[in-house]
> 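I'd like to ask you about the structure that follows.
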Amino acid sequence: MAQVCPPGSVIVADWHRYKDSKEYFSRILHKKRRKNFGLLETPVMPPHMAVDTVHYKIFISGKSGVGKTALAAHLAGLNIPKMHYETTGIETTVVYWPVKLRESGKVLFFRLQLWDCGENALRRFDHFLPACKEQVDAILFLFSFTDRTSFDDLPHQISQAEGRIVKFVVGTKFDLFMHCDVTESDVRNFRESWSLPVMRVGGEVSDGLDDVAPLLNCLAENLWHQDCAAARPANCPLRQETGTLL
């Protein structure tokens with residue numbers, strides 16, 4: 001099992017709260033709300049503040065109804081549809097997130113392309129799952145605290161994930177504690193058995209950054225750590241537009 005970074009060991013934790021981060025985070029905000037970036041769009045910085053962008057592909061895995069589309073919207077600061085619908089194909093969402101490396105003080109923009117595919121679509125079309133996992137850098141395994149079967153399905157999902165990738169488990173609908181089918185004891189035992197971090201998210205989207213910062217920082221930190229470990233003894237690589245390691 002891949003080693004998980006202690007929070008704040010690679011990047012400056014909660015950097016979005018620091019004064020020197022304001023100029024960078026302002027580039028992903030519009031009128032105090034998150035910007036919606038298309039596939040070809042990117043944050044624009046002044047020439048004297050040029051920032052490298054690193055690119056990663058993230059696959060969101062989970063049973064139907066656990067909140068995969070809602071999580072992608074949550075991380076991107078987008079509105080969540082009030083009515084649940086099954087994702088009919090593959091949907092991608094682009095999230096930009098600036099971080100400051102602890103050791104060098106260098107600032108990077110992480111471009112996270114989130115891939116989400118409906119469970120029924122995965123069953124109907126054999127090529128969808130390979131497409132989602134092709135050159136993937138991280139997988140988020142989702143379960144809902146209100147759906148015990150989604151939690152029990154996690155070992156099967158995780159066992160199917162091969163290769164050197166970052167793995168996280170995300171429990172959704174954590175705020176619906178009155179309807180929980182998964183206990184804290186269940187989560188603790190799972191974490192000890194699989195040595196994977198378990199993050200928690202609710203169902204509401206906030207205009208601020210505090211709600212998404214823990215998960216996005218954790219993702220960025222472990223993705224960068226994984227690339228650095230793979231590149232040793234060379235310096236940490238940068239993933240440019242082509243997605244290759246330089």
Side-chain angles (χ1 to χ4, degrees), residues 1-2 4-5 37-39 53-78 80 84-97 110-144 147 149-173 190 194-201 212 214-227 230 239 241-245:
M1 193 68 66
V4 178
C5 294
F37 290 96
L39 291 177
T53 301
V54 289
H55 298 240
Y56 294 96
K57 177 181 177 180
I58 317 296
F59 176 44
I60 303 177
S61 174
K63 293 177 66 64
S64 178
V66 297
K68 299 187 293 294
T69 302
L71 177 67
H74 179 70
L75 295 178
L78 306 177
I80 297 176
H84 171 262
Y85 67 92
E86 175 77 15
T87 303
T88 56
I90 297 175
E91 294 185 359
T92 60
T93 305
V94 174
V95 177
Y96 279 94
W97 188 254
F110 276 72
R111 182 189 186 274
L112 308 175
Q113 188 176 51
L114 309 177
W115 286 53
D116 161 34
C117 187
E119 186 178 20
N120 289 330
L122 289 174
R123 291 174 178 173
R124 289 181 59 192
F125 304 103
D126 293 340
H127 63 284
F128 274 11
L129 185 58
C132 289
K133 289 186 174 181
E134 184 181 8
Q135 295 184 330
V136 73
D137 300 295
I139 299 181
L140 302 180
F141 300 97
L142 267 61
F143 74 93
S144 169
D147 181 359
T149 61
S150 67
F151 180 78
D152 292 338
D153 189 54
L154 286 175
H156 172 71
Q157 292 185 52
I158 297 171
S159 64
Q160 300 300 309
E162 300 177 350
R164 189 182 181 89
I165 56 176
V166 170
K167 304 181 185 74
F168 285 129
V169 175
V170 181
T172 64
K173 305 178 185 179
F190 172 86
W194 287 88
S195 301
L196 289 176
V198 179
M199 311 290 287
R200 298 165 174 79
V201 296
V212 297
L215 181 50
L216 290 177
N217 281 335
C218 195
L219 254 179
E221 191 157 42
N222 283 275
L223 286 166
W224 187 252
H225 173 75
Q226 175 177 260
D227 274 358
R239 290 169 176 251
E241 294 292 342
T242 59
T244 57
L245 296 184

> Working to the nearest 0.5 angstrom, can you tell me the gap between H127 NE2 and I90 CD1?
6.5 Å

> What are the two closest non-hydrogen atoms of K167 and L196, and how far apart are they?
O-CD2, 3.7 Å

> Give a yes or no answer on whether the side chain of D116 reaches the backbone of I60 with a donor-acceptor pair at less than 3.5 Å.
no

> Rounded to the nearest 0.5 Å, how far apart are NZ of K63 and CG of L122?
11.5 Å

> Identify the two heavy atoms, one from A72 and one from T93, that lie closest to each other, and give their separation to 0.1 Å.
CB-OG1, 4.0 Å

> Just wondering, do L129 and F59 contact through their side chains at under 4.5 Å, heavy atoms?
yes

> Walk me through whether L215 and L71 qualify under side-chain contact (heavy atoms from CB on, under 4.5 Å).
CA-CA 11 Å; L215 181 50; L71 177 67; 4.2 Å; yes

> What's the shortest heavy-atom distance between G65 and K173, and which atoms?
O-NZ, 2.9 Å

> Which heavy atom of H55 sits nearest to which heavy atom of D137, and what is that distance?
O-OD2, 4.3 Å

> Report the distance from atom CZ of F190 to atom CG of L154, rounding to the nearest 0.5 Å.
4.5 Å

> Does either side chain, that of D153 or that of Q157, offer a donor lying less than 3.5 Å from an acceptor on the other one?
yes

> Compare every heavy atom of K133 with every heavy atom of Q160, then report the nearest pair and how far apart it is.
O-NZ, 3.4 Å

> Distance check, rounded to the nearest 0.5 Å: C132 atom SG versus W115 atom CH2?
6.0 Å

> Before you tell me yes or no, could you show the steps for N222 and F168 under side-chain contact (heavy atoms from CB on, under 4.5 Å), namely the whole-Å CA-CA distance, both residues' side-chain angles and the distance that decides it to 0.1 Å?
CA-CA 10 Å; N222 283 275; F168 285 129; 3.3 Å; yes

> Applying side-chain contact (heavy atoms from CB on, under 4.5 Å) to I58 and V95, what does each step give before you reach the verdict?
CA-CA 10 Å; I58 317 296; V95 177; over 6 Å; no

> To the nearest 0.5 angstrom, please state how far the CD atom of Q113 sits from the OH atom of Y96.
9.5 Å

> Would you find a donor on one side and an acceptor on the other, under 3.5 Å apart, between the side chain of T172 and the backbone of V66?
yes

> With a 4.5 Å limit on heavy-atom distance, are the side chains of V212 and W97 in contact?
yes

> For K68 and E119, indicate whether the former's side chain and the latter's backbone hold a donor-acceptor pair under 3.5 Å.
no

> When rounded to the nearest 0.5 angstrom, what distance separates CG in L142 from OG in S61?
8.0 Å

> Using the test ring-ring contact (aromatic ring centres under 6.0 Å, His included), find all partners of F128 that sit at least two apart in sequence or belong to another chain.
F125

> Take V54 and L223 through the side-chain contact (heavy atoms from CB on, under 4.5 Å) test and state the conclusion after the steps.
CA-CA 10 Å; V54 289; L223 286 166; over 6 Å; no

> Would you name the heavy atoms of V136 and I165 that are closest together and state the gap between them?
O-CG2, 3.3 Å

> Report the relative orientation of the aromatic rings in W224 and F110; use parallel for angles under 30°, tilted for 30 to 60°, perpendicular for over 60°.
perpendicular

